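This report refers to the structure that appears directly beneath it.
Each chain gets a letter, A, B and so on, in the order its sequence line appears, and its residues count up from 1. The shown structure was predicted, so the numbers you read here are calculated from the model rather than taken from an experiment.
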Amino acid sequence: MAQSVKGTRDLLGNEMKWFQRIEDTARRIFHRHGYEEIRTPILEEIDVFKRSVGESSDIVNKEMYDFVDKGGRHVVMRPENTAGVVRAMIQHKLLATSDPRLLYYIGPQFRYERMQAGRYRQFWQIGAESFGVATPESEAESLVMLFDFLNELGLKHLKLSINSVGTPESRPAFQAAFRAFFEARQEAFCGDCHRRIAQNPLRVLDCKVPGCQTALEGHPRITDHLDEASRAHHARLKVLLEALGVPYEENPRLVRGLDYYTRTAFEVLSADLGAQSALLGGGRYDGLVSHLDGPPTPAFGWAIGLDRLASLMQQLHGDAPAPRPALLIPLGEAAALEAMALARKWWAEGCAVQVDTRGQGLKKALQTANRLGFARALILGDGEREQGVVAVKDLAAGTQETWPLDQVAQRLSTV
RNA sequence: GCGGAUGUAGCUCAGUUGGUUAGAGUACUGGAUUGUGAUUCCAGGUGUCGGGGGUUCGAGUCCCCUCAUCCGCCCCA
């Protein structure tokens with residue numbers, strides 16, 4: 001039997017309904033904040049990611065879903081969407097002015113990685129990017145929209161965790177201080193951390209080994225080695241978040257993996273997720289656009305995994321609401337034709353109603369209606385047709401009443 | 001890329017140191033009820049026991065390979 005490709009899956013039933021609910025909510029909230037949707041190709045030239053993510057990263061080395069196409073082009077199925085959005089902005093010269101650009105995307109992403117629960121080779125992300133504004137105010141705006149979105153989905157127990165990772169100019173001073181701290185107690189750190197201290201020192205800060213976290217007690221803080229502008233930026237963001245009622249906490253060990261990140265980095269944690277509590281992450285990436293040969297442009301953004309979010313919704317709220325208002329059941333050929341005509345009229349009036357086209361008799365039709373979760377069955381037989389009415393059975397209560405045909409549309413939509 | 005575990009009906013799961021012709025609940029189909037469902041009663045498909053190979057008189061069971069899923073590590077834009 002044919003099977004979906006490893007790491008990919010079909011979205012159907014209840015999970016698909018949650019995806020729809022989440023996407024609809026995102027679009028509604030984002031639009032009222034002035035964000036516009038952008039869709040970029042799934043395929044990008046490999047350089048887009050090599051130059052944005054960095055050659056040394058594991059993403060480039062082993063996690064990219066890449067191949068050579070029939071024209072000999074080395075292409076990648078995008079592992080994330082930010083680089084593609086930035087590429088598009090540059091290509092279409094949309095960053096040529098200093099005007100702000102607010103964009104969001106919803107789409108599939110690909111990573112060629114080992115399967116685990118909630119981690120797929122094709123997964124879905126929703127993200128928002130803000131280009132052209134370097135202020136803490138723009139970050140607060142983006143974060144407020146994010147929390148509006150999450151709150152609208154009914155997610156509680158959320159915690160915003162923030163830090164500043166400084167700038168390329170201020171980072172060396174911190175790294176020197178941190179290396180000295182590390183070397184003074186290097187025997188306490190794990191093997192991975194010894195590798196990290198050479199390759200990507202900041203990564204030592206979020207090592208998951210308990211011994212390393214203990215050894216990090218009293219470590220130098222990035223926020224103590226910031227340049228004056230970054231320090232003011234960070235302080236201002238905290239003032240804004242407090243004034244706007246966005247609960248946050250400072251996490252001096254929160255870092256980002258890539259060099260182009262600057263200043264603000266954040267994650268949102270959910271107490272409902274257990275140990276793997278990170279729901280999403282983001283931050284400021286003032287260096288990325290120029291990295292990709294665009295005009296120097298400040299940017300801030302975040303992305304959230306739709307698969308994990310849908311799973312969280314299922315866990316918190318159970319099955320997605322799936323209204324099946326009414327099934328129209330005609331009895332006999334003449335009634336079947338009339339039912340189709342009636343349904344067309346009701347559809348035109350905005351009613352949600354389905355027609356049973358199987359012609360298998362009332363008993364089976366009611367069984368089907370009950371199994372599929374319809375609220376009502378509308379029975380149209382010879383007796384009803386003669387009187388110009390329909391028998392309406394409430395499948396939950398078991399009660400039945402008679403509605404005149406010309407009142408059906410109104411009564412269906414009002415109840 | 002590294003380490004560990006699990007694959008039996010559509011779904012949730014039993015199955016004895018290898019032994020007759022493979023099970024339960026639920027779901028499904030037909031009938032008691034040809035215009036009244038979800039509750040009852042009866043009758044029944046419930047399956048190449050992931051796939052391939054090997055050992056054996058005999059493999060759901062033991063061995064090897066492979067595929068899929070799950071857990072941990074690495075990593076996480």
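Between A:Arg195 and A:Asp192, at least one side-chain nitrogen of the basic residue sits less than 4.0 Å from a carboxylate oxygen of the acidic one, meeting the salt-bridge criterion. Ion pair A:Arg101/A:Glu129 not flagged as a salt bridge, since none of the NZ, NE, NH1 or NH2 atoms sits closer than 4.0 Å to an Asp/Glu carboxylate oxygen.
Within 3.5 Å, a donor on the side chain of A:Glu384 pairs with an acceptor on the base of B:G35, or the reverse. Contact annotation: side chain of A:Lys363 to base of B:U36, donor-acceptor pair absent below 3.5 Å.
Taking the C1' atom of each, B:G1 and B:G19 are spaced 45 Å apart, rounded to whole Å. Separating the P atom of B:U55 from that of B:G15 is a span of 29 Å, rounded to the nearest Å.
Between A:Val255 and A:Ser4, the one whose closest nucleotide on RNA chain B sits nearer the 5' end is A:Ser4.
Counting non-hydrogen atoms under 4.0 angstrom, A:Tyr285 reaches nothing in the nucleic acid. Residue A:Arg78 is out of contact with every strand shown, counting any heavy-atom pair closer than 4.0 Å. At the heavy-atom level, A:Arg203 lies under 4.0 Å from the strands shown only through sugar-phosphate atoms.
Residue A:Ile379 has its side chain nearest to B:G35 when only B:A77, B:G35, B:G37 are considered.
Between A:Gln360 atom CD and B:G30 atom C1' there is a gap of 12 Å when expressed in whole angstrom units.
Checked against a 6.0 Å centroid threshold, the rings of A:Tyr285 and A:His291 do not count as neighbours.
A:His31 places a side-chain N or O within donor-acceptor distance of the main-chain N or O of A:Arg27, the cut-off being under 3.5 Å.
Checking the phosphate oxygens (OP1, OP2) of B:A27, no side-chain nitrogen or oxygen of A:Arg371 falls inside 4.0 Å.
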